[in-house]
Structure formats: C-alpha cells, structure tokens
Amino acid sequence: MHYLAEGLRLPTNALDYSILILYFAVVLGVGFVARRSVQTSLDFFLSGRSLPAWVTGLAFVAANLGALEILGMAANGAQYGVYTVHWYWVGAIPAMVFLGLVMMPFYYGSKVRSVPEFLLHRYGPSSHLLSSVIFSVASVLIAGVNLYAMAIVVEALLGWPQWVAIVVAGFFVLAYITLGGLSSAIYNEVLQFFVILAALIPLTIVGLKRVGGWGGLKDSLETSHGADFTSAWGGTGIGSDNPLGANWLTIVLGLGFCLSFGYWTTNFAEVQRALSAKNLSAAQRTPLIAAFPKMFIPLIVVVPGLIALVLEPGIGTEKSGTQYNDAIPLLMRDLLPNGVLGLAVTGLLAAFMAGMAANVSSFNTVFTNDIWGAYIRKGRPDEYYLLTGRVVTAVGVLCGMGTAFIASSFSNIMNYLQTLFSFFNVPLFCVFIIGMFWKRATAAAGFWGLLSGTVAAMINYFWFYQEGVISIPSDQGANFVSAIVAFVVGGVVMVGVSLFTRPKPVESLAGLVYGTTSPGMAEPPAAGDEAWYRKPALLGWGAIILAALCYIPFSL
C-alpha cells in the first residue's frame with residue numbers, strides 16, 4: 001500500500017475526537033465485563049462454546065471486514081471497476097455456505113479447538129505441527145499489516161505519527177483480549193460491525209447523490225473507461241484484455257474455488273468464531289448468517305471506490321499525487337461534515353482493530369494449544385494454559401507491532417495478502433478437502449501435500465511470474481494462477497503418496513471423514529431448531545440464490 005496523500009488531512013474538531021474517545025472507552029468496558037466469564041482456558045480461547053448464532057455470525061463477517069478490506073476493495077473498485085464484486089459473490093458466498101453445510105459438522109462435531117488440531121486427528125503430528133507454525137507466522141504477519149495500514153491512514157487523516165497510532169491501537173487490542181479472551185473480541189467485533197456500517201452507509205449515500213445516482217455513476221464511468229468497466233463479466237473471455245488481468249476461467253477456478261474456499265474454510269481467524277457457538281446447529285448457521293450481510297458489503301465498499309473515480313478523475317495517477325488507496329479518505333474529506341466525520345474515522349479504526357483482534361485471538365489459541373501445549377509443555381493444569389494464553393496474546397500484539405514495520409516494505413498490501421493466502425490457505429484447503437472425502441489419504445500424504453502445495457505456489461509466483469517465464473498481466477491474476485497451481489500440485493502429491501503409504505485404520509477416522517459420524521456430530525437439534533430460520537440448509541440455499549440475484553444488475 002502506498003502512503004496516503006499528504007493533502008488528506010481531515011478538518012476534525014472536538015466533536016469528532018469525543019466520538020473516538022467514547023468508542024475506545026466502550027471497547028475497554030466490554031473487555032472488563034467479558035472478564036467475569038473467563039474461568040477456564042476453554043472460556044478464554046472459545047468463549048466456553050456458549051455464544052448464540054447471531055452473535056457469532058456478525059462477528060464472523062466483522063472479523064473479515066477489516067480496514068484492509070475497506071480501503072483495499074475500494075481501491076480495487078477504483079482501479080478495476082465492477083470486476084471487484086467477484087471477491088464477494090464468487091469469492092466468498094459459495095465458500096461460506098460450504099463451510100456451514102459441509103465442514104462445520106466435522107470441525108464442531110470432533111470437538112477440536114482449532115483448525116490445525118483437526119489435522120492432528122486426521123493425519124498426525126507432522127501435518128499438525130507444520131500447519132500450526134505456518135498459521136502462527138501468517139497470523140502475526142497479517143496482524144502487522146493491519147497495524148501498518150492503520151498507522152498510515154491515521155497519520156494522513158489525523159496527523160498522528162505512525163508509531164503513536166501503532167502503539168495506541170495495539171494497546172487497546174491487547175487490553176480487551178487479555179481481559180476477556182475471545183468473548184471480548186467477539187462482542188467488540190459485533191459493536192465494530194455496526195460502527196463500520198454507520199460510517200460507510202452515509203458516505204455511499206452522499207456520494208451517489210453527488211454523482212447523480214447509480215445511473216449517473218454508470219454513465220460517467222462508461223464514458224471515461226468503457227462499458228466493460230461497469231460489468232462484472234465484460235471482457236473476461238479467454239484471450240480478452242481487461243484491467244483485472246484475469247479471464248472467466250481463472251476467476252472461477254483461482255478466486256471462486258481455490259482462494260475463496262482456501263480462505264473461508266480453513267482460516268482459523270474466521271472458523272474460531274463458529275467454534276465458539278453454543279451447539280452444532282448454531283455453529284453451522286454462523287457462516288450462513290454472515291453470508292447475508294457479506295453479499296451487500298460491495299454496496300458500501302466497492303461503490304465508494306467507483307464514486308471516488310468520478311469525483312477525483314485523476315486518482316491513481318502520478319500527476320494527481322493520490323493513489324487508489326486514497327479513495328475512501330478522499331470521500332471522507334470532501335463529503336462528510338464534522339460529527340459524521342468523527343464517526344467515519346472511528347469506523348475505520350474499528351475496522352483495523354477488528355482485523356487485528358481476529359488474528360491475535362486465533363494466534364494465541366493455535367500457539368498455546370497446538371504448539372506450546374502439544375509439544376513443549378504437555379499435561380499442565382488448565383490454569384497454566386489460561387495464563388499462557390494471556391502471555392501469548394501480549395507476545396502476539398508485540399510481534400504484530402514489529403511486523404507492522406516489515407509490511408512497510410511492500411508497495412501494495414492487498415496484493416501481499418492475496419499472495420499469502422495463495423501460499424498458505426490454498427494448500428491447507430487441499431489437504432483438508434481430500435482428507436475429509438477420501439479415507440485412503442495417509443498421514444505422510446497430508447504433510448507432503450501441504451508442503452508441496454506451498455512450495456509450488458511460491459515457485460509459480462516468484463520464478464514463473466516475477467522472472468517473466470510466463471506472462472500474466474497483473475499481480476492479482478498471478479495470485480489466481482498460484483492458487484490453482486498450489487491446489488493441483490498438492491492434490492497430485494497427496495494422491496501419489498497415499499498410494500504408496502499405509503492409511504490409518506477406518507475406525508480411527510470416525511467424525512473426520514465424510515460418511516462417518518462421531519457422538520458430537522450426531523447431537524440432537526436444539527429446542528426450536530424446527531423454525532425455518534434455524535435450518536442451515538434453507539439459509540445456505542437462500543444465500544446462494546440471493547447472491548446470484550445480486551449479480552444480475554452488475555452483469556448487464
């Protein structure tokens with residue numbers, strides 16, 4: 001991400017800062033209240049598996065709705081146009097439905113506390129340790145990206161030095177997670193979700209009014225950028241050129257299957273919210289409930305990027321001195337009055353903190369349970385692991401502050417994140433999906449499939465793409481191809497290794513492979529689950545149909 005333009009300093013006053021201070025006070029208050037419910041390590045890491053589906057569902061979508069998505073997808077909207085909606089209706093909703101209907105019964109029914117722990121039961125210690133280390137490193141890197149992005153935004157908008165913004169935000173995240181554990185993070189994410197909506201909805205409405213509504217916006221963009229710029233699928237035929245640098249096949253396979261399923265079904269920062277639900281039905285409904293607000297997020301994230309392109313025609317050019325990443329801050333500066341401006345700044349900070357908190361809370365769970373407790377200090381009392389979790393939270397925040405400065409060396413953070421996902425999440429999804437549906441997959445296959453998929457994605461990106469061995473028009477297109485390569489190579493290696501190694505006994509796979517059950521998976525539905533809105537299948541199909549309908553006006 002490039003530095004934001006110096007001319008973006010906002011005319012904030014005492015009212016705006018009062019709103020910001022009130023928000024920070026409420027965040028800490030939630031942490032103190034949640035502290036009362038933390039008695040065991042399960043309470044700290046998974047909220048005692050006691051939260052209702054509507055809470056975990058909103059936290060699920062809020063954990064992803066960080067400011068990186070808000071700034072990054074608005075920037076992509078300004079740079080790539082309506083193609084950006086693919087990250088939602090192709091690159092999110094189907095995978096979220098698959099997680100709820102197919103994968104959550106395995107996760108929740110097996111009573112695992114983390115995604116890597118599932119690999120321990122299915123494959124064994126080698127795959128478990130490798131995935132735990134990879135996830136821990138990736139979580140700290142992504143937390144640092146959130147902090148760095150927030151620091152440069154706050155510096156541009158409010159004039160705070162970057163290190164001050166990093167320390168202040170890091171302190172508040174550390175305080176409320178250390179106090180209340182996952183419950184504090186989740187309830188704050190629910191609060192942050194509504195604060196973010198309150199910040200972005202007025203921005204979109206005022207912006208659309210300024211450009212003459214959707215019709216005026218579309219006419220202006222088609223005049224300046226051509227008809228394909230306002231169509232989700234225009235110009236995506238194989239061999240055709242478009243700003244995204246990807247055709248329909250790489251969009252569907254690379255983004256719609258490999259990247260999206262790899263992220264939404266195996267990223268513990270998301271899955272952890274569903275694992276904290278009070279029963280299996282609530283756990284299944286968590287990503288399905290989240291899918292409904294998720295499909296409307298483009299209206300308040302991508303559309304402002306398009307509006308900024310009309311109101312600031314030179315955005316993204318060297319002559320203007322602004323970058324595509326400036327889209328949201330530019331609209332905040334030009335369209336919002338004081339008071340609403342303070343709410344918008346608070347919404348951005350809330351989004352950054354939600355993204356960082358999701359990664360820190362998942363990092364402390366995986367490191368404590370899957371690395372420290374599993375391999376370094378086994379068999380200690382529960383109080384020991386509760387204390388360890390709080391200490392690891394502090395370590396994670398401090399490491400995130402350090403990696404925030406490492407992130408400054410990358411010119412485009414969104415490309416950096418998508419690259420990380422293609423390296424780490426896609427091979428993990430490959431190992432999961434084959435292991436869940438094929439009893440013959442062996443422990444050695446899980447390890448070598450995960451390792452080979454990661455290495456293959458790195459080779460494709462750093463050698464074939466960056467060295468120009470093959471021609472791919474853009475970084476995003478390269479990420480789609482890397483994801484496909486990671487999945488195919490990981491899958492081929494898994495099948496090959498499985499055919500020459502001995503599988504685990506079938507009786508040890510109960511609840512871990514499709515077609516087998518465990519006592520947890522067979523639990524009876526909770527009281528009242530006969531209501532239509534408590535049926536995961538109806539929610540899932542409803543989300544798929546509604547997402548398809550959302551595509552229609554953006555595809556014409």
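It should be emphasised that the depicted structure is a prediction, and the values quoted were computed from it without experimental measurement.
Ring-centre distance between Phe487 and Phe261: not below the 6.0 Å cut-off. The distance between the ring centers of Tyr551 and His86 falls below 6.0 angstrom. Ring to ring, Phe421 and Trp264 are not that close: their centroids are 6.0 angstrom or more apart.
What you find for Ala441 and Ile434 is that their closest heavy atoms are CB-CG2, 4.3 Å. Closest approach of Gly77 to Leu306, counting heavy atoms only: O-CD2, 3.2 Å. Here the closest non-hydrogen pair linking Val366 and Ser136 is CG1-OG, 3.7 Å. Nearest approach of Ser260 to Gly256, heavy atoms of both residues: OG-O, 2.7 Å. For the pair Ala543 and Phe292, the tightest heavy-atom approach, listed with the atom from each and the gap, is N-CZ, 3.7 Å. Shown here for Val426 and Ala486, the closest heavy-atom pair between the two residues is CG1-CB, 3.9 Å.
Under the salt bridge (Lys or Arg N to Asp or Glu O under 4.0 Å) criterion, no residue pair touches residues 420-449, with sequence neighbours excluded. Pairs of residues two or more places apart, or lying in two chains, that qualify as side-chain hydrogen bond (donor to acceptor under 3.5 Å, both in side chains) and include a residue from residues 121-130 are His128-Asp370, His128-Tyr375.
Note that CG of Leu255 and OG of Ser422 are 12.0 Å apart. Values are rounded to the nearest 0.5 Å. Taking CG of Leu221 as the start and CD1 of Ile307 as the end, the distance is 9.5 Å to the nearest 0.5 Å. To the nearest 0.5 Å, atoms CG (Asn364) and CG (Asn369) are separated by 9.0 Å. To the nearest 0.5 Å, the span separating CG on Leu288 from CG on Leu539 amounts to 5.5 Å. In this structure, OG on Ser132 lies 8.5 Å from CG on Leu120, to the nearest 0.5 angstrom. In this structure, Ile186 CD1 and Gln272 CD are separated by 7.0 Å, a value rounded to the nearest 0.5 Å.
Contacts of Tyr263 classified as side chain to side chain donor-acceptor pair (under 3.5 Å), with partners at least two apart in sequence or in another chain: Asn64, Asn267, Glu270. Qualifying side chain to side chain donor-acceptor pair (under 3.5 Å) partners for Ser482, counting only residues two or more places apart in sequence or in other chains: Asn460. Residues passing the ring pair (Phe, Tyr, Trp, His ring centres under 6.0 Å) test with Tyr465 are Tyr461, sequence neighbours excluded.
Between Ile371 and Val133 the shortest side-chain heavy-atom distance falls below 4.5 Å. At least one side-chain heavy atom of Ile300 sits less than 4.5 Å from a side-chain heavy atom of Ile297. Two residues are said to be in side-chain contact when any heavy atoms from C-beta on lie closer than 4.5 Å; Phe432 and Val115 meet this criterion. Residues Met494 and Val431 form a side-chain contact, since some pair of their non-hydrogen atoms from C-beta on lies under 4.5 Å apart. A heavy-atom distance below 4.5 Å is found between the side chains of Ser131 and Leu428. Between Phe106 and Leu512, the closest side-chain pair of non-hydrogen atoms is not below 4.5 Å. Between Thr365 and Ser361 there is no side-chain heavy-atom pair separated by less than 4.5 Å. Two residues are said to be in side-chain contact when any heavy atoms from C-beta on lie closer than 4.5 Å; Leu299 and Thr204 fail this criterion.
A donor-acceptor distance shorter than 3.5 angstrom exists from the side chain of Thr84 to the backbone of Asn76, with no hydrogens or angles considered. No side-chain donor-acceptor contact under 3.5 Å links Thr454 to the backbone of Phe424. Listed for the Tyr324 side chain is no donor-acceptor partner under 3.5 Å among the backbone atoms of Ala74. Under the 3.5 Å distance criterion, the side-chain polar atoms of Tyr107 are matched with a main-chain donor or acceptor of Thr265.
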Tyr83 vs Asp228, side-chain contact (heavy atoms from CB on, under 4.5 Å): CA-CA, chis, key distance, verdict
CA-CA 9 Å; Tyr83 297 113; Asp228 287 344; 3.6 Å; yes

Checklist entry - Checking side-chain contact (heavy atoms from CB on, under 4.5 Å) for the pair Val271/Thr266: CA distance, chi angles, key distance, verdict? => result CA-CA 7 Å; Val271 175; Thr266 65; over 6 Å; no

query = After noting the C-alpha distance and the side-chain angles of Val301 and Trp87, does the key distance pass the side-chain contact (heavy atoms from CB on, under 4.5 Å) rule?
reply = CA-CA 12 Å; Val301 174; Trp87 268 269; over 6 Å; no

Under the criterion side-chain contact (heavy atoms from CB on, under 4.5 Å), I'd like the reasoning laid out for Lys535 against Trp541: C-alpha separation, chi angles, the key distance, then a yes or no. CA-CA 10 Å; Lys535 295 181 179 179; Trp541 283 111; over 6 Å; no

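The number of heavy atoms from other shown groups lying within 6.0 Å of CH2 (Trp233) is above 12. Counting non-hydrogen atoms of neighbouring residues, nucleotides and ligands closer than 6.0 angstrom, the CZ atom of Phe437 exceeds 12 such neighbours. Within 6.0 Å of the CH2 atom in Trp214, the count of heavy atoms belonging to other residues, nucleotides or ligands exceeds 12.
Using cut-offs of 30° and 60° on the angle between ring planes, the pair Phe257 and Phe429 is perpendicular. Ring geometry for Phe135 against Phe268 counts as perpendicular: the plane angle is over 60°, on a 0 to 90° scale with 30° as the lower cut.
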Name each donor-acceptor pair under 3.5 Å that joins a side chain in residues 88-105 to protein atoms two or more places apart or in another chain, with its distance.
residue, atom, partner, partner atom, Å
Tyr88, OH, Glu69, OE2, 2.7
Trp89, NE1, Met295, O, 2.8

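Checking Thr230 against Glu222 by side-chain atom types alone, a donor-acceptor pair falls below 3.5 Å.
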